[in-house]
Amino acid sequence: MATRQTQSLAKIMRAPAIILLLIWMIVPLGMTLYYSFLNYNLLNPTQTSWAGWFNYQYFYTDPAFWDSIWNTLILVLGVLCITVVGGILIALLIDKPIFGQGIVRILVISPFFVMPPVAALIWKNMIMHPSYGVFADVAQFLGMAPVDWFAQYPLFSIILIVAWQWLPFATLILLTALQSLDGEQMEAAEMDGASALSRFIYLTLPHMSRAITVVILIQTIFLLSIYAEILVTTNGGPGNASTNLTYLIYRAARLNFDIGGAAAGGIIAVVLANIVAIFLMRAVGKNLD
Amino acid sequence: MARAVSTQTKIGWTIAAWVVALLIFFPILYTVITSFKTEQEAIAGFDLIPSFTLQSYGEVQTQNDYIRPFTNSVIIAVGSTILALIVAIPAAWAMAFAPTKQTKNILMWMLSTKMMPAVAVLVPIYLIFLNTGLMDTRIGLVIILMLMNLPIVVWMLYTYFREIPGEILEAARMDGATLGQEIVHVLTPMAVPGIASTLLLNIILAWNEAFWTIQLTTTNAAPLSAFIASFSSPQGLFWAKLSAASTMAIAPILIMGWFSQKQLVRGLTFGAVK
């Protein structure tokens, strides 16, 4: 088979995927960019006009925008802290010689497969409900007053739910990394009298560093887009207390019908996501060669 | 580590691990238990033993027509996955077996499209759907979810195909196999496990997708993720019913997930962790 023939065949085989993704990337994003410079409201579509930078200015000066940026940041960092630290600890625990390791693994990774609306509603109603939730039952048992989680600590409640969903992901990836650790090296260190803590700091942690980086970057991409969990629990409230950037844009587009404003917000979201993406691409790209 | 561990230590770690695992699994377990309770039992306080009634399951069907969102979920998840595979298999194949200088760049670019936050294109997609009559149709969601997951599908397939040794192809060629025979008899059998894993992971991702499904459907095409989200309104206070609907929504995917743990790591980290 001639190489040239193979190459042209390969080109044809690649083309559909490339063209589809090209369209998927350029057309909607181009439209978003265009709309972001328009005064365009679906309630009054005939009054559409050129807005220049107005939509961006409007977003920039709106206190809700800065609230949402702050909430997005807290949400991402909060979930990352819980899942990475928790993930390392649980991975270390599962990696120990234990009975029923397979079942323990299955139980631990299960929350990852629960779709976001279900996860959020389970936590909202069955676990954290101020009168009928399990937390309220526990509080009552301990003689304490039950807490109305979503009214008093809305952002924390959402962090808790999202962390529960992503803890399995972090655990599974860190466990995979942990299991490729060189056992002999560990034993040698142990015989040389290294304590469990120093073995963890000088051997285990450096070995897992790459996996930890990957967990942080991939989770961040997904955590920037948290939506359904907010929709079914707090609706972004009270006030803007649990509104992240994704939810703010959704509200502008779907509830205020402000196409121009939502588009400007969308462009800001792309810029934010890209900052994270650059780091992720570097980490993944290294592994290609 | 092939070291003898005292049984006492092992029991200690086992208890700790099981306590942690059961705590993490508890919300799911409690939902399943509650789905077998009556509504009165469901709000009567903490109780792990239900009356094992199927009443709530029946009500979800009779009052909410559960079969419809379930069918929609199956069609949308499976449809978008198969469509993505049809486009991705040739592409991944070409990049794995006939790589050029551009291949790495193309792959990285494909990955970069996955970084685009969905909400950034909410406005145009929503307007396109309104104007073309795709709103609240299954075919509309199939197309969106297919495009959304296409980069992951290409990537996963690529990492699997790359592991098929090229020498085997050469050997087949030396023995006089034509390109067609090569693909059917040599490559396909070696590629099937990778394709199956990709299929499984992608169905899981599409089944659980909850941004576009909520934005682009109302009743006709709503899959389970959008259907369950509608329970956040006051009718969600019927907890046994919510639990029954939730249990049925997550059970099939939970079981698939248990079987695809390893592929999950690989697929979601784009091969960066194996």
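Every chain is numbered from 1, with letters handed out A, B, ... down the list of sequences.
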Original post:
Do you know the tightest heavy-atom contact between A:Ala10 and B:Ala94?
Top reply: O-CB, 3.4 Å
Original post:
Can you name the nearest heavy-atom pair linking B:Ala120 to A:Val270, along with the distance?
Top reply: CB-CG2, 3.2 Å
Original post:
In Å, rounded to the nearest 0.5 Å, how long is the span from CH2 of B:Trp207 to CZ of A:Phe113?
Top reply: 14.5 Å
**OP:** Let me know if A:Ser225 has heavy atoms under 4.5 Å from chain B in its side chain, its backbone, both or neither.
**Re:** side chain
Original post:
Which one of A:Leu22, A:Leu89, A:Ile278, A:Ile221 has the most heavy-atom pairs closer than 4.5 Å to chain B?
Top reply: A:Leu22
Original post:
What part of A:Tyr250 gets closer than 4.5 Å to chain B, counting heavy atoms only: side chain, backbone, both or neither?
Top reply: both
Subject >> CG on A:Leu29 to OG1 on B:Thr113, rounded to 0.5 Å >> reply: 11.0 Å
Subject >> Among B:Ile144, B:Leu150, B:Val153, B:Leu147, residue most engaged with chain A (heavy-atom pairs, under 4.5 Å) >> reply: B:Leu147
Subject >> Region of B:Ile204 in contact with chain A, defined by heavy-atom distances below 4.5 Å >> reply: side chain
Subject >> Within-4.5 Å side-chain heavy-atom neighbours: A:Leu20 and B:Met146 >> reply: yes
Original post:
With only heavy atoms counted, which part of B:Ile89 is less than 4.5 Å from chain A, the side chain, the backbone, both or neither?
Top reply: neither
Original post:
Is it the side chain or the backbone of A:Ile127 that comes within 4.5 Å of chain B heavy atoms, both, or neither?
Top reply: side chain
Original post:
Using non-hydrogen atoms only, which part of A:Ile109 is less than 4.5 Å away from chain B: side chain, backbone, both, or neither?
Top reply: side chain
Subject >> Region of B:Gln215 that comes under 4.5 Å of a non-hydrogen atom in chain A >> reply: both
Original post:
So, do B:Pro151 and A:Leu21 sit near enough that their side-chain heavy atoms are less than 4.5 Å apart?
Top reply: yes
Original post:
Under a 4.5 Å heavy-atom cutoff, which of A:Tyr132, A:Phe112, A:Tyr247 has the most pairs with chain B?
Top reply: A:Tyr132
Original post:
Hey, which of A:Gln140, A:Gln179, A:Arg254, A:Arg14 has the most heavy atom pairs under 4.5 Å with chain B?
Top reply: A:Arg254
Original post:
Between A:Leu93 and B:Ala17, which heavy-atom pair has the shortest distance, and what is it?
Top reply: CD2-CA, 3.6 Å
Original post:
Should we count CD1 of A:Ile103 as having more than 12 external heavy atoms under 6.0 Å?
Top reply: no
Original post:
Between atom CE of B:Met110 and atom CD1 of A:Ile18, what is the distance when rounded to the nearest 0.5 Å?
Top reply: 5.0 Å
Original post:
Quick check: does any side chain N or O of A:Ser110 sit under 3.5 Å from a backbone N or O of B:Phe25, one acting as donor and the other as acceptor?
Top reply: no
Original post:
Taking A:Trp164 for the side chain and B:Ile24 for the main chain, is one N or O donor matched with an acceptor at less than 3.5 Å?
Top reply: yes
Original post:
Among A:Ile106, A:Asn235, A:Val232, which has the most heavy-atom pairs under 4.5 Å with chain B?
Top reply: A:Ile106
Original post:
Is the closest side-chain heavy-atom distance between B:Leu127 and A:Tyr35 below 4.5 Å?
Top reply: yes
**OP:** Pick one of side chain, backbone, both or neither for A:Phe169, based on which atoms fall under 4.5 Å of a heavy atom in chain B.
**Re:** side chain
Original post:
Top residue by heavy-atom pair count (under 4.5 Å) with chain A, among B:Ala91, B:Ser112, B:Ala42?
Top reply: B:Ala91
Original post:
In Å, rounded to the nearest 0.5 Å, how long is the span from OG1 of B:Thr100 to NZ of A:Lys11?
Top reply: 8.5 Å
Original post:
Any idea which of A:Val215, A:Ile267, A:Ile98, A:Thr233 has the most non-hydrogen atom pairs under 4.5 angstrom with chain B?
Top reply: A:Ile98
**OP:** Just give me the residue among B:Phe211, B:Trp109, B:Trp93 that pairs up with chain A most often, heavy atom to heavy atom, under 4.5 Å.
**Re:** B:Trp109
**OP:** State the CE-CD1 distance between A:Met115 and B:Ile253, to the nearest 0.5 angstrom.
**Re:** 7.5 Å
Subject >> Region of B:Ile125 that comes under 4.5 Å of a non-hydrogen atom in chain A >> reply: side chain
Subject >> Side chain / backbone / both / neither for A:Leu245 at chain B, heavy atoms under 4.5 Å >> reply: neither
Original post:
Side chain, backbone, both or neither: which part of A:Ile90 has a heavy atom under 4.5 Å from chain B?
Top reply: side chain
Subject >> Contact check, side chains of A:Asn274 and B:Met116, non-hydrogen atoms, under 4.5 Å >> reply: no
Subject >> Structural part of B:Leu122 lying under 4.5 Å from a heavy atom of chain A >> reply: side chain
Subject >> For B:Val123 against A:Ala262, the heavy-atom pair lying closest together >> reply: CG2-CB, 3.6 Å
Original post:
Can you say whether B:Phe26 sits under 4.5 Å from chain A via the side chain, the backbone, both, or neither, judging by heavy atoms?
Top reply: side chain
**OP:** Give, as side chain, backbone, both or neither, the part of A:Tyr40 having an atom under 4.5 angstrom from any heavy atom of chain B.
**Re:** side chain
Original post:
Taking all non-hydrogen atoms of both residues, which atom of A:Leu121 and which atom of B:Phe231 are closest, and how far apart?
Top reply: CD1-CB, 3.8 Å
**OP:** Name the region of B:Met256, side chain, backbone, both or neither, that has any atom closer than 4.5 Å to a heavy atom of chain A.
**Re:** neither
**OP:** Kindly compute the distance separating CD1 (B:Ile28) from CE (A:Met126), expressed to the nearest 0.5 Å.
**Re:** 11.5 Å
Original post:
If you count heavy-atom pairs under 4.5 Å between each of A:Pro117, A:Pro116, A:Gly266, A:Ala263 and chain B, which one has the most?
Top reply: A:Pro117
Original post:
Quick one: what part of A:Ile173 sits under 4.5 Å from any heavy atom of chain B, side chain, backbone, both or neither?
Top reply: both
Subject >> Side chain, backbone, both or neither of B:Tyr126 within contact of chain A (heavy atoms, under 4.5 Å) >> reply: side chain
Subject >> Contact class of B:Leu224 relative to chain A, heavy atoms under 4.5 angstrom >> reply: both
Subject >> Heavy-atom pair of closest approach, residues A:Phe99 and B:Trp18 >> reply: O-NE1, 3.0 Å
Original post:
B:Ile106 versus chain A, heavy atoms under 4.5 Å apart: side chain, backbone, both or neither?
Top reply: side chain
